[in-house]
Asker: 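Pasting a structure below so you can have a look.
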Amino acid sequence: MEYDFRKIEGYWQNKWKETEAYKVSNNSPRPKCYVLDMFPYPSGAGLHVGHPLGYIASDIYARFKRLKGFNVLHPMGYDAFGLPAEQYAIEHGIHPAVSTEDNINNFRKQLDNIGFSFDWDREVRTSEPQYYKWTQWIFLQLFKSFYNRETKKADSIEILIKTFENEGNKSHPIPNSQFSTPNFTSAEWLSFSEAQQQEILMQYRLAFCGYGEVNWCEALGTVLANDEVVNGVSERGGYPVVKKKLRQWYLRITEYADRLLEGLERVDFSEAMKEMQRNWIGKSNGADIDFAILDSNEILKVYTTRPDTIFGVDFMVVAPEHEVIEKITTKKHKQEVEDYLTYVKSRSERERMAEKKISGCFTGAYAINPLNFREIPIYISEYVLAGYGTGAIMAVPCGDERDLKFAKHFNIYVTNILGDLFNGEEANPTKDAELVNSDFLTGMLMRDATEIVLTDLEGWGKGKRKINYKMRDAAFSRQRYWGEPFPIKWINGIAYPLDESELPLELPKVDEYKPGPEGEGPLANIESWTAQHLETNTMPGYAGSSWYFLRYMDPHNNDTFCDRKVSDYWNQVDLYIGGTEHAVGHLLYSRLWTKVLFDLGYIGFDEPYKKLVNQGMIQGSSRFVYWVSYKNILWPPNTIIPHINISKGWVDLEDQLQSKVSEILKLHKLSELSFDINKSHVDVNIVDGVELDIKEFAKGINKNSPTKQYFIMEDGSILSEDDAYLGKSTFICDAEVEKMSKSKYNTVNPDELVQRYGADTFRMYEMFLGPVEQSKPWDTKGIEGVHRFLRKLWRMFFDELKGKIWNEEKATDAELKVLHRAIKKIEEDTERFSFNTAVSAFMVCVNELSDLKCNKREVLQPLLIMLTPYAPHVAEELWLQLGNTTSILDATYPTFEKKYLVESAKEYPVSINGKLRTTITIDLAATEKEVEAIVLENEIVKKWLEDKPVKKLIFVKGRMINVVL
RNA sequence: GCCCUGGUGGUGGAAUUGGUAGACACGCAGGACUUAAAAUCCUGUUCGCCGCAAUGCGAGUGCGGGUUCAAUUCCCGCCUGGGGCACCA
C-alpha cells in the first residue's frame, strides 16, 4: 500500500464534514481556547501561498489545544465590505454583492483544500444585513454615549443631559477646546434651542460628526483613498488631487488614549507591536504657550514639550492650514504666502512628512517671546501639521534638526543655549545641558528649568501645562457605496438615530456607483434614500472588523450581537494571528470598541486579544528575462522583428553579446543595429529554480505578432522559438525578492501545490519555511523534502511489497528515548509557535526511528497523535489502519516522561582561551576538582598548554569547559 | 522624514537563559540498487590553507568598534532589505 495522499485527503475531508468533526459547542465542561485569524478580505485574485501561512499556524495550534483537552473555537469569515469590490463594480457594472459572493466561494474552495478545522457553521460576512444590523447597533451605542472623564468610562448621553440640566457642563468640560460655547450653566442649557443642544451633545458623543479633509479629485468627481493618490495625482488617470473639507463621522478614540495605553500592560503582544501602538498614541507632556503678535490682537498658541528651551526660540512655524495666517500676513508677503498655500494644498500629509527639502515662507509678522519680549519672525511650512498640538511650533534650531535646517535655509540667526554641546552644525536634542544665553535660567540644567518656566508662564497666564496625544479621532465615514449605512437621519441639520427596531438599515440597490454631488457618496444619488433624509456616507472597512470576534461566539443570535453568557464563556481571544500591517489600524479600533462595550456592560472584558502573534509576509521570488530593444528604428512593413531573449550570464558580456545579436539579425537580413537591454518579469511558474522552461515561455508568445523569438542560451548557443524544444543548453533567469503580487508574475497558487503534493505536505512545508513571525521569500523547491518525510513516515507502517509492517513488540530504551525527546521538543515548540523547528523535530524523530528499524506501535502511535495538528489527514488514516475506532482528532496528547532522557555523562566542549580545541566525555556527577584534573591530563589540552600556567578554569556544569592561559 | 523589524553556507533556516555556529531540509557532487528510469538508500558538502591522515591550522553569523574567560546573542556607530504612517484591508 502506497501513500496515496489524494485519496486519503479527499476521504477524510468528506468524513470530517459528515461527522461534523469541527462543530464547536458553547457548552462544554472542558476549558475553552479561542484561536482566531485576522479577518480576510476576499479579494478577486484568490489565495496565494502567502495567505494561508497564518491560518495554518493557527490551525495547528487549535488542533494541538484540542488534543490537549480544550474546547477550541476556531472560526473563519469574511471582511466583505471594501473598496476593491466597489472599484470592480464601477469598471464592470457588477454589483459588489455578486463579485464578493464569487470571491468568497473561490476563497472557500481554496481554504477547504488545505484541510482547516474551522467551524463553518459560525462563518460571518460583514456585508450581510444579519451581521451589519449589529454593527449599526453598536454604532448607535457609540452615538448615544460619551466619555465620562470623572469615572474614566463611557456612559449614556442621557446621564450627561441630566447633568447639564442640573448644573451645566462645569463637571464635564467640553472635549473640543475650539468649540464656540465652551462653558454653560444649567439655565443657559435650558435656554438653548434643540439645535444648539444637539450641537453641544455632538461634541461629547463617542461617535460624532465633524468636518475633515479628504483627497478630492475634481476630474473624477470623487474622493480618493490615500493609496489611490500617487505623487499628488490620482492613480487612475493622473488627475490633480486637492484637499477638501467634508462632513465626516468620527470616533472619539482620543478620550480612550490613556486606557489604550494602560491596556497594553495587560496583553501579550510583542514589545515591537506595543511600541508601535504607543508611538501612534503618542502621549507627551508639555505646555501650551501663548505668544502675542506684534501690532496685532492675535495670540499664537504653540504646543511644546520643551518649555526649558524658550530662550532658544529663533522663529515660529505655523501649519499652512492655520487660521491665523490670514490675519497676520502683511501686504508685502501676501502673494508669496498665497502661492505657498496653493503648493501645499496639492501635497499629501505623507509627502509633507517625508519631504527632505526645506520649503516655507515668511508671513511678515512677528511674535513676541513672553519671557524676554524678543521679536520672533513667523513662518509657514509644510513640516508643521495642522492636526498635531496647536498646529504651530516655537522653533529652537540649536536643539532640533529640522528647525536648524529651516533656519539655515532662510538665514535665520541661531541662538545657542547649549554652550559647548552645540557645534553649529548639528542640532542637539539633549535634556542634560547646562543652559546658557537663557536669561534667568542660565547655568541651570535643562531638566530642572522646565518646571520653573512652566510655573512662571502659568503664573502670568501665558501658558498652561498640557498632555498631548499625537493620535487623532478616527475618521469613521467614507463617501462610498459598499459599506454599512449609518442608522442616522438628518432633519434640519440635526442627526437623529434610527430606532433599534428599524435595524438593519439595509443598503439599497443601485444601478450605478458614481459619486454623488459635491463628493458625497453614491447613496446621495438615490432619491428614495435622500427623501428619508438618511445619511449618505457609509462606514469604513474597520467597522465590521472591530467586533467580529464577538459575533463568532454567537453568530446566529437574532436578539443581540452576542449573548452575554456566551461571551462570558469564550471571553478573550487566546491567540490572535495576523500581520503587522494591522498594528495601529484594526488593532486599536477593535480594542476601542471592546472597551466601550465593556464600559456599557455588554461584555465582561475590555481587551479583545490576550495574545497576538504576528505572521511575517511571504515574499515573492521574482524571475526576470533580459531582452533586446532596438534604438531609433522604423521597421519597414511586413518585417519580422527578431525578439531576442538573453540568458543571465550574457548580459554583462557586451562585446560578445553584440556579435550574438548581429548573428541573429543577419538571419533576417537586417543590418547591425544599436540596442538596449531590458528586463521583464516572467511567470515564476514556468521557471524551475532559475532555469526558464522555454517551451512554456514560447507558448505564451502571440503567434500573430510580427516577431520571432530567439534565445541566447547560457552556453552561448542560439535557439529560435521553432527549435525551443531541442538542445541541452539552458536559459537562466535573473532573480529578485519582491512583494508577492499578480503584477509581478511571482504568485504561487496553493491549489497546484496541494494537487501535486497534498495538503499535509503543503501545511508542513509552509511551516518548515521558517519562523511564522518572519518574512521570507517563497521557494517551491524545498517542498520535496517535506513530502519525502511524509512518505518515509508512511513506510514505517506500510511496505510496498510486504504491506503492514508495524508490530506489537515492546519498545527498547533507545526507541523510547527518541520518542520522548520528540514529545518534549514538539510539544514545547508548538506551544511557543516555533512550528518550523517542530517540523524538523518530526524529521529527526523519523530518521532516528528508521535507523533503529523501529516499526513498533508503542512508539508510532503517540507519534501519530503529535503529528495530527500538522498533517491531520495522514495521521487520521494511519490511526485508522492501526485499528483505532475513534477519531485521532480527539485522541489524548502523549505525556513526556523525563526518565527516558536521563543521561549519566556529557561530552563537554573544551576551549582554550575561548577557542574550541577538543571534547571530553565526563561523568555528570563529577565535581569541579575532578573535572579540572581530567581536563588538565588530556593530551590535546596539554599540547596547547605548553607548560604555561593555567590562569583560570571555567566549568559550567552540563555546559562547557574553558581553560584560560 | 518618523516609528517598528530583519540581515548566519550556493538556498530556506537552527542555535529557547552569553556557553560546541551551521540542527533539519533544498541544491550540488560521488556511490549502491536497476537493462534503464523513477523511487529508495549510503557518503560528502561554511570558506581558505597544509596534508597520507587526523579531533591539523587560520578565518567566519551585513560592516566597524567595544564589554566578557566566552558574543549570532549584550553595548555604541554605520550600511542595507521589509512593514506602517490615519480613506487598501
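In what follows, chains are A, B, ... by sequence order, proteins preceding strands, each numbered from 1. The analysis underlying the following values was restricted to heavy atoms, covering all of them including side chains, and did not include hydrogens, waters or symmetry mates.
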Asker: When the C1' atoms of B/rA14 and B/rG83 are considered, how many whole Å apart are they?
Answerer: 25 Å
Asker: Judged by modelled atom types alone, do A/Glu784 and A/Tyr757 share a side-chain donor-acceptor pair under 3.5 Å?
Answerer: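 Short answer, yes.
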Asker: Other residues, nucleotides and ligands only: do more than 12 of their heavy atoms fall within 6.0 Å of NZ on A/Lys274?
Answerer: yes
Asker: Can you pull every protein N or O that's under 3.5 Å from an N or O on nucleotides 82-89 of chain B?
Answerer:
| from | atom 1 | to | atom 2 | distance (Å) |
| --- | --- | --- | --- | --- |
| B/rA86 | OP1 | A/Arg350 | NE | 3.0 |
| B/rA86 | OP1 | A/Arg350 | NH2 | 2.5 |
| B/rA86 | O5' | A/Asn226 | ND2 | 3.3 |
| B/rA86 | N6 | A/Lys470 | O | 3.0 |
| B/rA86 | N1 | A/Arg472 | N | 2.9 |
| B/rC87 | O4' | A/Arg478 | NE | 3.2 |
| B/rC87 | O4' | A/Arg478 | NH2 | 3.4 |
| B/rC87 | O3' | A/Asn226 | N | 3.3 |
| B/rC87 | O2' | A/Asn226 | N | 2.6 |
| B/rC87 | N4 | A/Gln248 | NE2 | 3.0 |
| B/rC87 | N4 | A/Gln479 | OE1 | 2.6 |
| B/rC88 | OP2 | A/Asn226 | N | 3.3 |
| B/rC88 | OP2 | A/Asp227 | N | 3.1 |
| B/rC88 | OP2 | A/Asp227 | OD1 | 2.8 |
| B/rC88 | O4' | A/Asp227 | OD1 | 3.2 |
| B/rC88 | O4' | A/Asp227 | OD2 | 3.0 |
| B/rA89 | OP1 | A/Leu83 | N | 3.2 |
| B/rA89 | O3' | A/Asp79 | OD2 | 2.4 |

Asker: For A/Phe549, which residues count as a ring pair (Phe, Tyr, Trp, His ring centres under 6.0 Å) partner, sequence neighbours excluded?
Answerer: A/Tyr609
Asker: Round to a whole Å and report the spacing from NZ of A/Lys915 to C1' of B/rG60.
Answerer: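 For the pair A/Lys915 NZ and B/rG60 C1', the rounded distance is 11 Å.
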Asker: What distance, rounded to whole Å, do you find between the two P atoms, one in B/rA38 and one in B/rU5?
Answerer: 48 Å
Asker: Might you list the N or O atoms of the protein lying below 3.5 Å from N or O atoms in nucleotides 38-42 of chain B, with each pair's distance?
Answerer:
| from | atom 1 | to | atom 2 | distance (Å) |
| --- | --- | --- | --- | --- |
| B/rA39 | O3' | A/Arg791 | NH2 | 3.0 |
| B/rU40 | OP1 | A/Arg791 | NH2 | 2.5 |
| B/rU40 | O3' | A/Arg795 | NH2 | 3.2 |
| B/rC41 | OP1 | A/Arg795 | NH2 | 3.3 |

Asker: Would a 4.5 Å heavy-atom cut-off, applied to side chains only, mark A/Tyr576 and A/Val613 as touching?
Answerer: no
Asker: Would you mind reporting whether A/Val584 and A/Asn279 have side-chain heavy atoms less than 4.5 Å apart?
Answerer: no
Asker: In whole Å, measure the gap between the P atoms of B/rG66 and B/rU61 for me.
Answerer: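 My reading of the P atoms in B/rG66 and B/rU61 gives 15 Å.
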Asker: Whole angstrom is fine here: how far is it from CD in A/Glu766 over to P in B/rG12?
Answerer: 17 Å
Asker: Applying ring pair (Phe, Tyr, Trp, His ring centres under 6.0 Å), can you list everything that pairs with A/Phe762, at least two apart in sequence or on another chain?
Answerer: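 Here no residue qualifies.
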Asker: Please tabulate the protein-to-nucleotide N/O contacts below 3.5 Å involving nucleotides 47-55 of chain B, giving atom names and distances.
Answerer:
| from | atom 1 | to | atom 2 | distance (Å) |
| --- | --- | --- | --- | --- |
| B/rU55 | O2 | A/Thr918 | OG1 | 3.4 |

Asker: With a 4.0 Å cut-off on heavy atoms, is A/Lys825 in touch with a base, just the backbone sugar-phosphate, or nothing at all?
Answerer: base
Asker: What is the distance, rounded to the nearest whole Å, between atom CZ of A/Arg959 and atom C1' of B/rA70?
Answerer: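 Distance, rounded to whole Å: 13 Å.
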Asker: So, A/Glu907 and A/Thr921: side-chain donor and acceptor under 3.5 Å apart, yes or no?
Answerer: no
Asker: Expressed in whole Å, how much space separates the C1' atoms belonging to B/rU46 and B/rC42?
Answerer: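 Straight-line distance between the two C1' atoms is 23 Å.
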Asker: Given the P atoms of B/rU11 and B/rC28, what is the spacing between them in whole Å?
Answerer: 15 Å
Asker: Is the shortest side-chain heavy-atom distance between A/Thr538 and A/Tyr481 below 4.5 Å?
Answerer: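 No, too far: nothing below the 4.5 Å cut-off.
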Asker: Could you tell me whether A/Leu769 contacts a base, only the sugar-phosphate backbone, or nothing, with contacts defined as non-hydrogen atoms closer than 4.0 Å?
Answerer: sugar-phosphate
Asker: In terms of the nearest nucleotide of RNA chain B, which residue is placed more toward the 5' end: A/Leu916 or A/Gln774?
Answerer: A/Gln774
Asker: If we count only N and O atoms by modelled type, under 3.5 Å, do the side chains of A/Asn847 and A/Lys792 hold a donor and an acceptor together?
Answerer: yes
Asker: For a stem of at least 3 consecutive Watson-Crick or G-U pairs with distances under 3.5 Å, i pairing with j, i+1 with j-1 and so on, which stems involve RNA chain B?
Answerer: B:1-7 with B:79-85, B:10-12 with B:24-26, B:27-32 with B:40-45, B:46-49 with B:56-59, B:62-66 with B:74-78
Asker: OP1 or OP2 of B/rA25 less than 4.0 angstrom from a side-chain nitrogen or oxygen of A/Asn847, does that happen here?
Answerer: yes
Asker: Pick the P atom in B/rG30 and in B/rU20, then give their distance to the nearest Å.
Answerer: 35 Å
Asker: Could you list the residues that satisfy salt bridge (charged side-chain N to carboxylate O under 4.0 Å, His left out) with A/Glu827, not counting sequence neighbours?
Answerer: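 A/Glu827 satisfies salt bridge (charged side-chain N to carboxylate O under 4.0 Å, His left out) with A/Lys68 only.
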Asker: Just jot down the ring pair (Phe, Tyr, Trp, His ring centres under 6.0 Å) partners of A/Phe269, sequence neighbours excluded, or say none.
Answerer: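 For A/Phe269 there are no ring pair (Phe, Tyr, Trp, His ring centres under 6.0 Å) partners, ignoring immediate neighbours.
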Asker: Can A/Gln248 and A/Ser477 be counted as having a side-chain donor-acceptor contact under 3.5 angstrom?
Answerer: yes
Asker: Kindly write out the residues that satisfy side chain to side chain donor-acceptor pair (under 3.5 Å) with A/Lys470, not counting sequence neighbours, or none if the list is empty.
Answerer: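 For A/Lys470 there are no side chain to side chain donor-acceptor pair (under 3.5 Å) partners, ignoring immediate neighbours.
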Asker: Any idea if B/rG56 is syn or anti, going by the 90°-from-0 cut?
Answerer: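 Anti for B/rG56; the angle lies over 90° from 0.
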Asker: Write down the distance separating the P atoms in B/rG62 and B/rG58, rounded off to the nearest Å.
Answerer: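 One P to the other, the span is 23 Å.
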Asker: Base, sugar-phosphate or nothing for A/Asn279? Non-hydrogen atoms, less than 4.0 Å.
Answerer: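 A/Asn279: backbone/sugar contact only, no base atoms under 4.0 Å.
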Asker: What is the distance, to the nearest angstrom, from the CD atom on A/Glu828 to the C1' atom on B/rU17?
Answerer: 14 Å
Asker: Residues from residues 832-840 of chain A sitting under 4.0 Å of RNA chain B, heavy atoms only?
Answerer: A/Arg832, A/Asn836, A/Thr837, A/Ser840
Asker: Take atom C1' in B/rC79 and the same atom in B/rG27, then report the distance between them in whole Å.
Answerer: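 About 30 Å, rounded to a whole number of Å.
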Asker: Rounded to the nearest angstrom, tell me the gap between atom CE in A/Met960 and atom C1' in B/rA71.
Answerer: 13 Å
Asker: Under 3.5 Å, is there a donor-acceptor pair between the side chain of A/Ser850 and the main chain of A/Lys853?
Answerer: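 No.
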Asker: Rounding to a whole Å, what distance do you find between A/Met843:CE and B/rG12:C1'?
Answerer: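 Taking atom C1' of B/rG12 as the reference, CE of A/Met843 is at 12 Å.
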Asker: Regarding A/Lys906, tell me which of base, sugar-phosphate or nothing describes its non-hydrogen contacts under 4.0 Å with the strands shown.
Answerer: base
Asker: Send over the distance from A/Leu588 CG to B/rC3 P, rounded to a whole Å.
Answerer: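 Atom CG in A/Leu588 sits about 18 Å away from atom P in B/rC3.
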Asker: With heavy atoms under 4.0 Å as the rule, sort A/Trp482 into base, sugar-phosphate or nothing.
Answerer: nothing
Asker: With sequence neighbours left out, what residues match A/Phe797 under ring pair (Phe, Tyr, Trp, His ring centres under 6.0 Å)?
Answerer: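 With neighbours one apart ignored, the set is empty.
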Asker: According to side-chain contact (heavy atoms from CB on, under 4.5 Å), who are the partners of A/Ser834, at least two apart in sequence or on a separate chain?
Answerer: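 A/Asp829, A/Arg832, A/Asn836, A/Thr837.
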Asker: What is the distance from CG of A/Asp403 to P of B/rC2, rounded to the nearest Å?
Answerer: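 Value for this atom pair: 14 Å.
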Asker: Do A/Thr135 and A/Trp547 have side-chain N/O donor and acceptor atoms under 3.5 Å apart?
Answerer: yes
Asker: Looking only at side chains, do A/Asn746 and A/Ser622 share a donor and an acceptor under 3.5 Å apart?
Answerer: yes
